[in-house]
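Step one of this worksheet: look at the structure below.
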Amino acid sequence: ILYRIILKKGKSIRQVMEEQGVLQTFLKNHPKVDPGAKYLFNNDA
Amino acid sequence: VAYEPFTNYLNSYYFGEISIGTPPQNFLVLFDTGSSNLWVPSTYCKSQACSNHNTFNPSMSSTYQNNGQTYTLYYGSGSLTVLLGYDTVTVQNIVIHNQEFGLSEIEPSNPFYYANFDGILGMAYPNLAVGNSPTVMESMMQQGQLTSPIFSFYFSRAHPGRNMNSQFYSGEIVWTPVTRELYWQVAIDDTWSVLCLGIGFCLPCSQTASAGRSGRKSHRGRGLGPFVWAPRLLARSSSASPLSQFVVNCNSIQSMPTITFVIRGSPLPLPPSAYVLNATYLPSPSGQPLWTLGDVFLKEYYTIYDMGNNRMGFALSV
């Protein structure tokens with residue numbers, strides 16, 4: 001059985017924030033956001 | 001841009017439609033191979049981010065059951081607090097009964113406000129999930145919706161909805177074992193790592209040059225900046241933007257030169273440790289560098305995620 005789930009390519013958060021002029025301010029005020037935070041659940045990674 | 005830790009950050013953009021509840025309430029979710037929980041915004045949430053998205057109303061679903069537990073989920077783009085519950089989840093034509101999912105209560109992160117998706121559907125291993133109930137993939141298996149816990153991604157070259165190729169790949173599939181049953185981690189044999197040349201290097205060039213590629217060429221010609229030796233040691237990005245990145249071999253760092261800028265007669269040396277940024281932000285148990293293979297890789301290579309055999313397969317995409 002093969003199910004095909006169609007995904008759509010939408011705007012990324014980065015694109016939307018850039019368009020609305022808030023990306024640079026966010027990056028400036030959140031310099032230490034760790035993109036890998038979701039992998040560190042319970043710090044056991 | 002000096003604050004930017006990684007240019008791919010906040011750049012997920014492949015979303016799919018699912019529905020939750022009876023009658024179904026629709027959501028656009030990010031299909032995420034790097035997490036394992038399903039969550040959507042809910043009417044419990046009073047954060048600004050939730051006002052900008054579809055919210056699940058449990059009181060409007062006859063099949064909803066409350067779990068009572070709350071957890072915090074952590075993502076690179078922020079964290080959120082969810083209340084766990086159970087309801088019918090429909091993904092395309094797959095119906096899953098009593099699927100555990102998170103109803104967001106607090107979404108304090110700014111990025112979630114701007115996200116074009118409502119929630120996230122995690123497709124990694126159960127060990128990465130909060131709560132003790134099956135993930136979406138596990139539920140599909142347990143309820144007989146799938147014969148094997150395998151999924152794959154194919155990026156169509158054709159116009160969406162037309163000329164969809166029934167054959168996804170050509171040639172042999174290269175299988176490799178998952179090295180850690182948390183997310184889809186596999187080993188790369190080569191010792192190359194993602195290393196970025198400091199963005200600050202690019203800015204002086206673009207500021208003093210006229211514009212774009214031609215300006216950078218003139219700098220190379222005059223022997224300024226890293227571009228003089230980049231062709232020998234670095235693989236230069238094709239992009240002419242100030243955010244250009246370069247890849248260098250981990251083993252080459254020690255032999256890379258100290259670059260000395262002389263400003264008004266004073267030498268200002270810059271050792272390689274200063275201008276090479278290790279973009280690996282995840283700890284690795286083996287000490288090996290970790291890559292994240294995103295859509296650039298997945299477009300070229302049809303990628304199979306086989307949770308039943310703890311392996312991944314790669315084949316040339318057609």
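A note on names: the letters A, B, ... follow the listed sequences, proteins ahead of strands, and every chain is numbered from 1.
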message = Using the rule given for side chain to side chain contact (heavy atoms under 4.5 Å, CB included), can you reason through Leu2(A) versus Phe168(B), listing the C-alpha separation, both sets of side-chain angles and the distance that settles it, and then say yes or no?
response = CA-CA 12 Å; Leu2(A) 178 66; Phe168(B) 301 117; 4.0 Å; yes
message = One pair to check against side chain to side chain contact (heavy atoms under 4.5 Å, CB included): Val16(A) and Asn116(B). What are the steps and the verdict?
response = CA-CA 8 Å; Val16(A) 177; Asn116(B) 268 15; 3.6 Å; yes
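- Applying the salt bridge (charged side-chain N to carboxylate O under 4.0 Å, His left out) rule to pairs touching residues 124-133 of chain B yields nothing, sequence neighbours excluded.
- The contact between Gln20(A) and chain B is made entirely by side chain atoms (from C-beta outward), counting heavy-atom distances below 4.5 Å.
- For Glu18(A), the CD atom is densely surrounded, since the number of other residues' heavy atoms within 6.0 Å is greater than 12.
- For Phe15(B), the ring pair (Phe, Tyr, Trp, His ring centres under 6.0 Å) partners at least two apart in sequence or on another chain are Phe117(B).
- Neither the backbone nor the side chain of Phe151(B) comes within less than 4.5 Å of any heavy atom in chain A.
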Evaluation steps, side chain to side chain contact (heavy atoms under 4.5 Å, CB included), between Phe31(B) and Ile5(A) = CA-CA 10 Å; Phe31(B) 279 64; Ile5(A) 299 166; 4.0 Å; yes
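- Between Lys8(A) and Tyr14(B), the closest side-chain pair of non-hydrogen atoms is not below 4.5 Å.
- With contacts defined as side-chain heavy-atom distances shorter than 4.5 Å, the pair Tyr114(B)/Met17(A) qualifies.
- Atoms CZ and CG, on Phe155(B) and Leu7(A) in that order, are 8.0 Å from each other to the nearest 0.5 Å.
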